[in-house]
Amino acid sequence: MNLDGSVQEPEKKECSPVCVGKEDNIKKSGRMTAVVHDREVVIFYHKGEYHAMDIRCYHSGGPLHLGEIEDFDGRPCIVCPWHKYKITLATGEGLYQSINPKDPSAKPKWSSKGIKQRIHTVTVDDGNIYVTLSNEPFKCDSDFFATGDFKVIKSPF
Ligand code: FES
């Protein structure tokens with residue numbers, strides 16, 4: 001219920017943008033964490049672009065806000081600090097290197113497992129950063145770690 005006594009529809013609340021901080025601050029640190037409508041997210045500022053995603057890695061719930069950003073196949077990725085999975089910042093795809101078993105001498109090439117990490121929308125208004133949660137209806141692997149016992153990570157940022 002809102003302060004004025006009106007009832008807010010659940011879908012509306014889930015999708016409304018939430019202010020998570022100041023542009024100046026994230027530009028200095030390169031990343032920040034936030035809770036948006038009871039969902040923990042990490043926001044990265046990388047090469048002039050903002051990216052937000054679920055904070056817990058889709059593989060086993062690793063803390064992505066503590067990972068390094070590296071380019072793989074020309075795509076900026078967060079590398080999970082636990083088992084080094086690579087997740088594209090722009091799309092949340094899991095990347096891996098594959099080889100052709102019929103040609104083991106061939107150079108491994110980067111391939112996509114598809115979207116594994118849920119990506120959220122970042123907007124900037126008057127120096128403030130807003131995150132709008134994704135309401136894409138597909139089941140994303142990172143959803144599992146965005147609920148229940150896996151919530152609440154203490155962040156050094
Ligand atoms: Fe992220 Fe395993 S938990 S790679």
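The residues of the chain are indexed from 1 along the displayed sequence. Only this structure's heavy atoms are used, side chains among them; waters, hydrogens and symmetry mates stay out. Remember, it's 1-based here, ligands and their atoms both numbered in the order they're listed. From a predicted model like this one, the values you see are computed outputs, not experimental measurements.
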**Q.** Ring-face cation contact, F138 with R118, 6.0 Å cut, 45° max
**A.** yes
(Q) Does the Lys NZ or Arg CZ of K109 fall within the cation-pi geometry relative to Y96 - under 6.0 Å from the ring centre and within 45° of the axis? (A) no
**Q.** C80 near atom 2 (Fe) of ligand 1: N/O/S under 2.8 Å
**A.** no
Provide the number and element of each atom of ligand 1 under 4.0 Å from a heavy atom of [X].
X: S60; value: 3 (S)
X: W82; value: 3 (S)
X: G62; value: 3 (S)
X: Y85; value: 4 (S)

Q | Aromatic centroids of F144 and Y58 separated by under 6.0 Å | A | no
Q) Taking the six-membered ring for Trp, are H59 and H83 ring centroids under 6.0 Å apart? A) yes
Q. Atom 2 (Fe) of ligand 1 is nearest to which N, O or S atom of H59?
A. ND1
Q.
For atom 2 (Fe) of ligand 1, give me the closest N/O/S atom belonging to H83, just the atom name.
A. ND1
Q: Please determine, by modelled atom types, if Y50 and E23 share a side-chain donor-acceptor pair under 3.5 angstrom.
A: yes
Q. Do the side-chain N and O atoms of E93 and T91 include a donor-acceptor pair separated by under 3.5 angstrom?
A. yes
